[in-house]
J.: 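Just dropping this structure here.
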There are 4 protein chains.
Amino acid sequence: MSTTSRLARDPEKEARILMAALTEFSEHGYRKTHVEEIADQAEVSKGLVFKYYQSKENLYLTTLKSATQKFMAIADYNIWQDSEDLVAMVVNATRYKISLQLKFPREFKLLLNAFVQGSQLPKAIGDYVNTTFISNTDLQKKMLTPVLQRSKLKPGVSIDDVYEMIRWIENGYYGRIQEYLGTHPEITSIEDMNEIIEQLTKYFEIFEHGFMASN
Amino acid sequence: MSTTSRLARDPEKEARILMAALTEFSEHGYRKTHVEEIADQAEVSKGLVFKYYQSKENLYLTTLKSATQKFMAIADYNIWQDSEDLVAMVVNATRYKISLQLKFPREFKLLLNAFVQGSQLPKAIGDYVNTTFISNTDLQKKMLTPVLQRSKLKPGVSIDDVYEMIRWIENGYYGRIQEYLGTHPEITSIEDMNEIIEQLTKYFEIFEHGFMASN
Amino acid sequence: MSTTSRLARDPEKEARILMAALTEFSEHGYRKTHVEEIADQAEVSKGLVFKYYQSKENLYLTTLKSATQKFMAIADYNIWQDSEDLVAMVVNATRYKISLQLKFPREFKLLLNAFVQGSQLPKAIGDYVNTTFISNTDLQKKMLTPVLQRSKLKPGVSIDDVYEMIRWIENGYYGRIQEYLGTHPEITSIEDMNEIIEQLTKYFEIFEHGFMASN
Amino acid sequence: MSTTSRLARDPEKEARILMAALTEFSEHGYRKTHVEEIADQAEVSKGLVFKYYQSKENLYLTTLKSATQKFMAIADYNIWQDSEDLVAMVVNATRYKISLQLKFPREFKLLLNAFVQGSQLPKAIGDYVNTTFISNTDLQKKMLTPVLQRSKLKPGVSIDDVYEMIRWIENGYYGRIQEYLGTHPEITSIEDMNEIIEQLTKYFEIFEHGFMASN
DNA sequence: AATGAATGAGGGTTCATTCAT
DNA sequence: AATGAATGAACCCTCATTCAT
């Protein structure tokens, strides 16, 4: 009688399976990933994969949750939370996001993929994705708000407006960074990205004061 | 001796198949769509689908091309090309884009999906998608440039910078519109969207002059 | 009301179909030949092929019978019937056979193929083949017999024995000729074959008197 | 840790599948044989057949190779190699061939069929057949040559001539044996064939000395 | 607990045959 | 009479899932 668990799963195998699933699902997506390949890569049998995770669908879900967890667990919002001004904050947030992507490229790709596949995935997965991937922006909003409250906004401009536009610019620039990463696969450390991330500052400055020559 | 067709396909059935394919592919994506389902929905036999389109892959490609055509054929860039100022232009462009999406929601979803699936699709399709879906941003750039050249920009701000940021804001706001459409599936006419689109004006005005109270 | 036939078949189309069937069946065999290809080649519709011949199977059978007929009709046994001696007779018979093959290569190939496919063909066809392809040897036997009766045979050697062995040698040599034809596809006239056919004489002479030095 | 197999196929099922494939392919040929039928007959699932043999084509190829092997492995050329004289040698060779056919009737039929189908088969198979089925006659030639060299031949008769004619007669007689076997399906042992095979002697004697009364 | 051989439903594709025009 | 578009049974093959060992 083991003291640990009723099911007596081997935690190492469990981890290997999840790792392999992460690799495969993030690489090939849900449909083109084969359970056998995962089992092989984890150096366990196909049977064990099913014993531990019941179905391909559930394994995917678990991998998804595990990837989410990994981000949640590690996320250290303080890093950018106590930035002095708005621009620094957003730049730090972006830097932080990129660093996570560089540290966990497969988790990142997996979640992105899941998000994007949306309804093509089995219903249960689609549901999970939809309920999970929202909270993120809320968080960011919460952190930006105090800084924005300290700022003096133009009349007729609400905090929400600014917050939203910040996100748009952030996302837009983020896309540019992705492009850069895509064409420079050799980059694995956030240091290599510092320069490009700093340039985001410029765009926020434009945003703060407008692009039109103030007459 | 007919002067018209060599392949003697029934145009109605052809249309029904393409229509069904559009519906199914846009709804379920490539892998989860079954040729039989398309045939059933088009009220023709599976065999006919293959006679007309040879393979599932080619049917998808054809559906894709047809959707692209539909957009191309209808695209009337003049509608927003001769807008007076930048804001009006971008608002008009957005309105136009939304109107297309409302007119051809499945085509829209199909192309979006194809773009997003990327490498999970059969190679031939991925190739087509990659070679086709680029030109779009170039066009928009070309149209915006003259207007921007007429504008007086802040020192240190380049036309390209502004152009890029316009796109970011446009896209960001576009995302908000999508959300709205998603939660209001009853909307089918661009008129119902006018109000929300007009609000884009506000954001561009903020962008032009900055959100910070100019001291 | 036509005076010709109840079914009012167009004899030209009928002939074209049969011709095309001959070409296709002899080239690709029964299974790999497609009715559509035959119809196209005959410049008629697939439907007409079925109206005239009911089924692919029956069309094959008809083609087979027609090929047989063609050989029968043309076969002029007199050509070699009145050869002077045995050797001349067999050589003439062989030459004649080769000339037929050169004149009707597709018919020849078709019948050979049908014979060889045997039980892989639909039952009705197999049955036909089996019942038809026997009579041939009987005929040859009838013609050789009188000549053999005039010959003085070794004691213990029956006419049937000799007749049979003649066939074996003929067939064996025939195989050699086939090989030659296979490697010289440019040959289309019997004249080009005369030399090689003449060499059969040598073998029959060996056969007549044995190969062992007579003590 | 097993030292034996990496692929862990059940040898009994493997054998049953190969056996069923042999039966079906030899009976119906390549095209008319259905994988499902083979699976049923082997009392395994369709899936297993594909796991073991990947494709119908490869299964056929394997069956072909296995049949070839079976003949090769068992072929004991000594049996007739050290026959005293030419006649004995050829008779023994024939007897041996017939005994193989009686022992492995399906293998025999399969190989014959494959040889005969030739170009109607998928290319890979045709290629295999063509490269494999040649060496046989060469072997026989090598064995006959020393015996023929010891014989005194008539002037103008070469060893090759004699060798070739021997083959013709052997083949011819072999055809007669086939006919006999075809009409006597109850025969399963070489003993039942001894008498008919012995008669080949007579024909070779005729061949040695000719059938014409020597003057 | 762990294995991986075995299963079989399901999907794409072919082609002889039918039938409305 | 003639067409050829339309049909659908039949076939090969894949892969998630099961289960005996």
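Here is how names work: the chains are called A, B, and so on, in the same order as the sequence lines, proteins then strands, and each is numbered from 1. Keep in mind that the numbers below use all heavy atoms, side chains included, and drop hydrogens, waters and symmetry copies.
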J.: Taking the nucleotide of DNA chain F with the closest heavy atom to each, which residue, A/S55 or D/R31, is nearer the 5' end?
T.: D/R31
J.: D/L110 pairs by side chain to side chain contact (heavy atoms under 4.5 Å, CB included) with which of D/S26, D/S66, D/P105?
T.: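 Going through D/S26, D/S66, D/P105 one by one, the side chain to side chain contact (heavy atoms under 4.5 Å, CB included) with D/L110 is satisfied by D/S26 alone.
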J.: Nearest 0.5 Å please: distance from the NZ atom of D/K70 over to the CG atom of D/L111.
T.: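 The NZ atom of D/K70 sits 10.5 Å away from the CG atom of D/L111.
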J.: For C/L48 and for A/K46, locate the closest nucleotide of DNA chain F by heavy-atom distance; then report the residue assigned to the nucleotide nearer the 5' terminus.
T.: C/L48
J.: I need the CD-P distance between C/E36 and F/dT7, as an integer number of Å.
T.: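 Atom CD in C/E36 sits about 16 Å away from atom P in F/dT7.
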J.: Now, which nucleotide makes the Watson-Crick or G-U wobble pair with F/dT14, with each of the two distances under 3.5 Å?
T.: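 Its partner is E/dA9.
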J.: Rounded off to whole Å, could you give me the OH-to-P distance for the D/Y53 and E/dA6 pair?
T.: 11 Å
J.: Using heavy-atom distances to pick each residue's nearest nucleotide on DNA chain E, tell me which of B/E57 and C/F50 is more 5'.
T.: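 Its nearest nucleotide lies further toward 5', so the answer is B/E57.
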J.: Quickly work out the A/K32 NZ to F/dA16 P distance and round it to whole Å.
T.: 14 Å
J.: Can a donor-acceptor pair under 3.5 Å be found between the side-chain atoms of C/K51 and the base atoms of F/dA2?
T.: yes
J.: How long is the line joining CG of B/L59 and C1' of E/dG11, in whole Å?
T.: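 In whole Å, E/dG11 C1' lies 15 Å from B/L59 CG.
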J.: With a 4.0 Å cutoff (strictly under), does any side-chain N or O of B/Y52 reach OP1 or OP2 of F/dA6?
T.: yes
J.: Rounded to whole angstroms, how far apart are CZ on A/R9 and C1' on E/dA2?
T.: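 About 14 Å, once rounded to whole Å.
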J.: Please determine, for E/dG4, whether a Watson-Crick or G-U wobble partner exists with both distances under 3.5 Å, and give it or none.
T.: F/dC19
J.: Quick one: is D/K13 getting a side-chain N or O under 4.0 Å of the E/dA6 phosphate, OP1 or OP2?
T.: yes
J.: Does the side chain of A/S45 get closer than 4.0 angstrom to OP1 or OP2 of E/dT3 through an N or O atom?
T.: yes
J.: In whole angstrom, what separates D/D40's CG from E/dT7's P?
T.: 11 Å
J.: With C/K65 as the cation and C/Y128 as the aromatic partner, state whether NZ or CZ is under 6.0 Å from the six-membered ring centre and within 45° of the axis.
T.: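 Here C/K65 passes the 6.0 Å and 45° test against C/Y128.
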J.: Without decimals, in angstroms, what is the distance between A/E24 CD and F/dC15 P?
T.: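 My rounded result for the distance is 13 Å.
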J.: Could you list the residues that satisfy side chain to side chain donor-acceptor pair (under 3.5 Å) with A/K56, not counting sequence neighbours?
T.: none
J.: By nearest heavy atom, map D/G47 and B/T33 onto DNA chain E; which one lands nearer the 5' end?
T.: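 The answer here is D/G47.
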J.: Got a donor-acceptor contact below 3.5 angstrom from the C/Y52 side chain to the C/D10 backbone?
T.: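 Here the side-chain-to-backbone pair exists.
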J.: Rounded to whole angstrom units, what separation is found between the CG atom of B/D10 and the P atom of E/dT21?
T.: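 For the pair B/D10 CG and E/dT21 P, the rounded distance is 11 Å.
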J.: Between A/H34 and F/dA16, is there a contact of a side-chain N or O with OP1 or OP2 at under 4.0 Å?
T.: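 Looking at the OP1 and OP2 atoms of F/dA16, one of them is under 4.0 Å from a side-chain N or O of A/H34.
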J.: Can you see if the side chain of D/K56 gets near the phosphate of F/dC12 - specifically, an N or O under 4.0 Å from OP1 or OP2?
T.: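 Checking D/K56 against F/dC12: at least one side-chain N or O falls below 4.0 Å of OP1 or OP2.
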